[in-house]
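Take a look at the structure below.
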Amino acid sequence: MKGHEAKMPRMEDILNLPVQDPPCAEFSAAQIKWVKVEGGRQGGDDIALIPFARVDDFVKGESSNAECPASFRIESRRKRPEGSISKPRVDGYLEYTLYWCSYGPEDYRDSESGMGDGSNIKPASGKGSRPGRRHMMRGCLCHFTVKRLYTRPLLALIIYNQRKHVDKSGAPCHGILDQDAVGTRAMYAPRISEELRQKVMSMLYVGISLDAVIQHHMEVVQGHGGPHNRDDFLTRNDVRNMERLIRNSSHELHASDECSIKVWVQRHQKHVFYFQENSGSEPFILGIQTDWQLQQMLLYGHNGSIASHSTFGLKKLKYPLCTLLVFDSTHNAIPVAWVITSSFVGQGVHKWIGLLAERVHTKDPRWRLNAFLVDDPSFEVSMIREVFQCRVLLCVWHIRRAWMRSILKKCCNFDVQREMFKHLGWILYCTRNGPNAMDAIEEFMQVFVDQCAFMDYFKIRWLPTIELWVNGVRSLPVASPEPHAAIESYHLRLKSKLYNEQHANFWARVDWLIHFLTTEFHSSYWLDQYSVETGYFESLRNKSFLTNAWFHAVHIADVDVILGEQNLELAKVISQTDRSLAYTIWNPGSEFSLCDCPWSRVGNLCKHVIKVAILCKNRQVARPLLAAQVYRQTLVSLLENPPDDPLVLEHAILHATRLQQDIKGLEDLSNNGLLQPLPPEINSQLADNVLLFPRLH
């Protein structure tokens, strides 16, 4: 040893090793710099430190070895709780996992052919005969150990005991380097990949038959020139096994809903980014994100937007559901995470939002979010802004839809409906300070005092939180209408699937909700994206949700919109299916526009309202959005009351010029996610408040 230029580190030096985090989705041993350790039980083994969160990426990368495709199984696993050791070793672990190549350690090549002496029949690992796997055992000794360090829980120590895929004689035992394996399945990985398994499971969940799955797979394999890996050898038996697994699966893993949830969490740990059991002081919280959802978040969330769709199922489900959505290239919403909680989701966001962001940044440290849309002003905005370093916008889709549907249901006169809807919009964007905001509400309730049914609903459901909403609109920039149609489309799709009467007996169980979301509902969105990417299975997609109102709005010709510049109270849009018919939009250009088309008359956001809003913004005619009206009111007030003193006027011009520059600077800060909201004490001192209305990109 003394003659060596570099001395091998001892095990007690491992914490001085660099933590390696290759900048790619999956990585293998070839992309890591290994160090041989001196002495101890691991003497002579290769070791390296990586983030614990990237262990799965390493395992996947190692399984994709071009010369020896493999599948590493967990041979043994041990865990110990924090605080269980008073003086832990430097390599002491919280979790210990031994991964072994699935082509070993047993060797049945000779025994299967009847030529061996039986000396290799007893498994080397003491795990028994492994029924059903004898045909693939070829004595491979490749294995490695992963330790989640006791003193550094965020780090994993990888100990590679045998990096080569060889048997006890030192010869290659599978893959292209093994001459005996050439032309057999031993050239490839022993099992289909997790990606193909999820693909086939999704196809089965959406109702594609076994024969259609096999036929489609054959077409794909032929398309890339024949079989190249284990996935290309998918058999009817593989699909039949997965079909049987789906048929025999059940959401009810235990008679008790709480116990059933815990069992599900234990079985699907890689899909759970946060779990907190219900207790006397803490609410139930479960955060779910599948691998496919994480991929969509990485793809469409980068330099894009995420929107919350919260409090779904307050009346029918045991606990409400919150969904985080991204928007794809066709402006459709894709669910990338679900949070089920027994409390208001916005109040517990600090517990799970950081862990969700960590999952994304672990996969891609360069990933950056442009904007986060909250549909409830009670969200902990400062925490979201801190975690994602982006703008946080308030989305009024939820409150707009709730008010509109209630007015249409409880008030029969259309003229009264549109006036009530317009007044509610002005309350939300009230420009006065706190006490006078309540005066505006009182005035609204007196004007429409005869609308008893709606007033009773408004007092119970919205009056306790209306100031929270008004203050939210004051302190946060408000999201433009572009994402509203996509969020509404997701809402209607979730509602149609979840509230099917055949599921009514299960609504009170959270384990059923989890099972439904992660199987059938998840698979329907997988099919949409797969169909868009490949062109397959277009006929199986639900035509009702292929596009949303925004998509249809941008395909309405400008000449089909009639804007009366003399009468800013209404606009007309010619029907795209019946050219003799024109629909009327009242209060055009506003977030609280109302259309008389059938789709709008049941409380939905229609393409005509969106088209008119787009045109009003582009042409700067008709009524601007309510937030912009507030801004213009302030400027008009200044213009109508210029100072008489020439000296004061000169100073006013200077201030106005500086203000223009300051506003441009504020826009730049907001675009970079650095603009903070005004504190409440400043808001309360303002008679009028300027609201920004940024456009989403």
Side-chain angles (χ1 to χ4, degrees), residues 192-221 223 231 234-251 264 268 271 288-297 299-300 309 312 321 323 325-330 332-338 486 489-504 506-507 511-548 551:
I192 63 173
S193 66
E194 184 64 21
E195 288 74 16
L196 179 61
R197 182 180 177 276
Q198 289 300 320
K199 172 182 174 180
V200 174
M201 293 283 279
S202 295
M203 293 168 74
L204 294 173
Y205 272 121
V206 297
I208 299 175
S209 68
L210 185 150
D211 290 336
V213 171
I214 293 296
Q215 178 62 34
H216 168 66
H217 184 73
M218 291 173 61
E219 292 175 6
V220 172
V221 174
D231 284 357
L234 182 74
T235 65
R236 295 181 67 86
N237 196 47
D238 291 327
V239 181
R240 192 176 291 111
N241 288 338
M242 286 184 268
E243 194 177 45
R244 186 182 302 113
L245 181 65
I246 292 175
R247 187 167 57 249
N248 295 335
S249 65
S250 170
H251 69 273
W264 187 91
H268 301 83
H271 295 159
I288 302 170
Q289 185 182 60
T290 67
D291 290 340
W292 181 82
Q293 287 180 306
L294 177 57
Q295 292 170 12
Q296 305 308 303
M297 188 170 176
L299 177 62
Y300 295 114
H309 174 268
F312 180 88
L321 171 68
T323 306
L325 303 166
V326 294
F327 307 98
D328 66 13
S329 55
T330 59
N332 281 321
I334 303 174
V336 293
W338 291 297
S489 181
Y490 171 80
H491 173 86
L492 295 174
R493 185 170 185 171
L494 179 63
K495 187 176 180 180
S496 68
K497 294 283 188 180
L498 204 61
Y499 287 165
N500 190 315
E501 287 301 323
Q502 68 180 12
H503 303 318
F506 305 125
W507 291 339
D511 59 357
W512 172 81
L513 176 61
I514 296 169
H515 181 77
F516 171 82
L517 291 173
T518 56
T519 56
E520 180 185 339
F521 194 63
H522 179 278
S523 298
S524 68
Y525 276 91
W526 173 90
L527 178 69
D528 285 347
Q529 292 303 304
Y530 185 72
S531 180
V532 169
E533 294 168 4
T534 66
Y536 288 108
F537 305 119
E538 279 285 350
S539 61
L540 295 178
R541 297 177 66 191
N542 190 325
K543 301 296 188 295
S544 304
F545 303 107
L546 288 180
T547 53
N548 57 54
F551 177 86

Test side chain to side chain contact (heavy atoms under 4.5 Å, CB included) applied to Leu494 and Leu321, step by step: CA-CA 11 Å; Leu494 179 63; Leu321 171 68; 3.9 Å; yes
List the steps and the verdict of side chain to side chain contact (heavy atoms under 4.5 Å, CB included) for Arg236 and Asp211. CA-CA 8 Å; Arg236 295 181 67 86; Asp211 290 336; 2.8 Å; yes
Determine, step by step, whether Met242 and Ile192 satisfy the side chain to side chain contact (heavy atoms under 4.5 Å, CB included) criterion, reporting the C-alpha distance in whole Å, the side-chain angles of both residues, the deciding distance to 0.1 Å, and the verdict. CA-CA 12 Å; Met242 286 184 268; Ile192 63 173; 3.9 Å; yes
Evaluate side chain to side chain contact (heavy atoms under 4.5 Å, CB included) for Tyr536 paired with Glu219, printing each intermediate quantity in order. CA-CA 11 Å; Tyr536 288 108; Glu219 292 175 6; 3.5 Å; yes
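Thr235 and Asn237 share no side-chain donor-acceptor pair at under 3.5 Å.
Between the side chain of Ser531 and the main chain of Leu527, no donor-acceptor pair closer than 3.5 Å is present. Gln293 contributes a side-chain N or O that, together with a main-chain N or O of Pro335, makes up a donor-acceptor pair within less than 3.5 Å. For the pair Ser489 (side chain) and Ala486 (backbone), a donor-acceptor distance under 3.5 Å is absent. The backbone N or O of Leu498 lies less than 3.5 Å from a partner atom in the side chain of Trp507, making a donor-acceptor pair. One N or O on the side chain of Asn548 and one on the backbone of Phe551 form a donor-acceptor pair closer than 3.5 Å.
The CD atom of Glu195 sits 11.5 Å away from the NZ atom of Lys199 when rounded to the nearest 0.5 Å. From Glu243, atom CD reaches atom CE of Met201 across 11.0 Å, with rounding to the nearest 0.5 Å. Considering NE2 of His251 and CH2 of Trp264, their distance stands at 14.0 Å, rounded to 0.5 Å. Between atom OG1 of residue Thr290 and atom CD of residue Gln295 there is a gap of 8.0 Å, rounded to the nearest 0.5 Å. In this structure, the separation between CD1 on Ile214 and CG on Asp238 is 7.5 Å, given to the nearest 0.5 Å. Distance check: Tyr490 OH to Asn332 CG gives 13.5 Å after rounding to the nearest 0.5 Å.
By the side chain to side chain donor-acceptor pair (under 3.5 Å) test, Asp511 pairs with Ser260, Arg509, sequence neighbours left out.
Of all the heavy atoms in Leu204 and Val239, the pair that sits closest is CD1-O, 4.1 Å. For the pair Ser329 and Tyr300, the tightest heavy-atom approach, listed with the atom from each and the gap, is N-CE2, 3.8 Å. Across Asp328 and Ile334, no two heavy atoms sit closer than the pair CB-CD1, 3.9 Å. Minimum interatomic distance between Ile246 and Ser249 (heavy atoms only, all atoms of both residues): O-OG, 2.8 Å.
A salt bridge is defined here as a Lys NZ or Arg NE, NH1 or NH2 lying under 4.0 Å from an Asp or Glu carboxylate O, and Glu194 with Arg197 meets this definition. With respect to the salt-bridge test (charged N to carboxylate O, under 4.0 angstrom), the residues Arg493 and Asp528 qualify.
You'll find the ring centres of Phe312 and His491 inside the 6.0 Å limit. Ring centroids of His216 and Phe537 are separated by less than 6.0 Å, placing the two rings close together.
Using a 30° and 60° split on the angle between ring planes, Phe521 and Tyr525 fall in the perpendicular class, above 60°. The aromatic rings of Trp292 and His522 lie perpendicular to each other, with more than 60° between the two planes, well past the 30° mark.
Proximity of Thr518 to Ile288: side-chain heavy atoms (C-beta onward) are separated by under 4.5 Å at one or more points.
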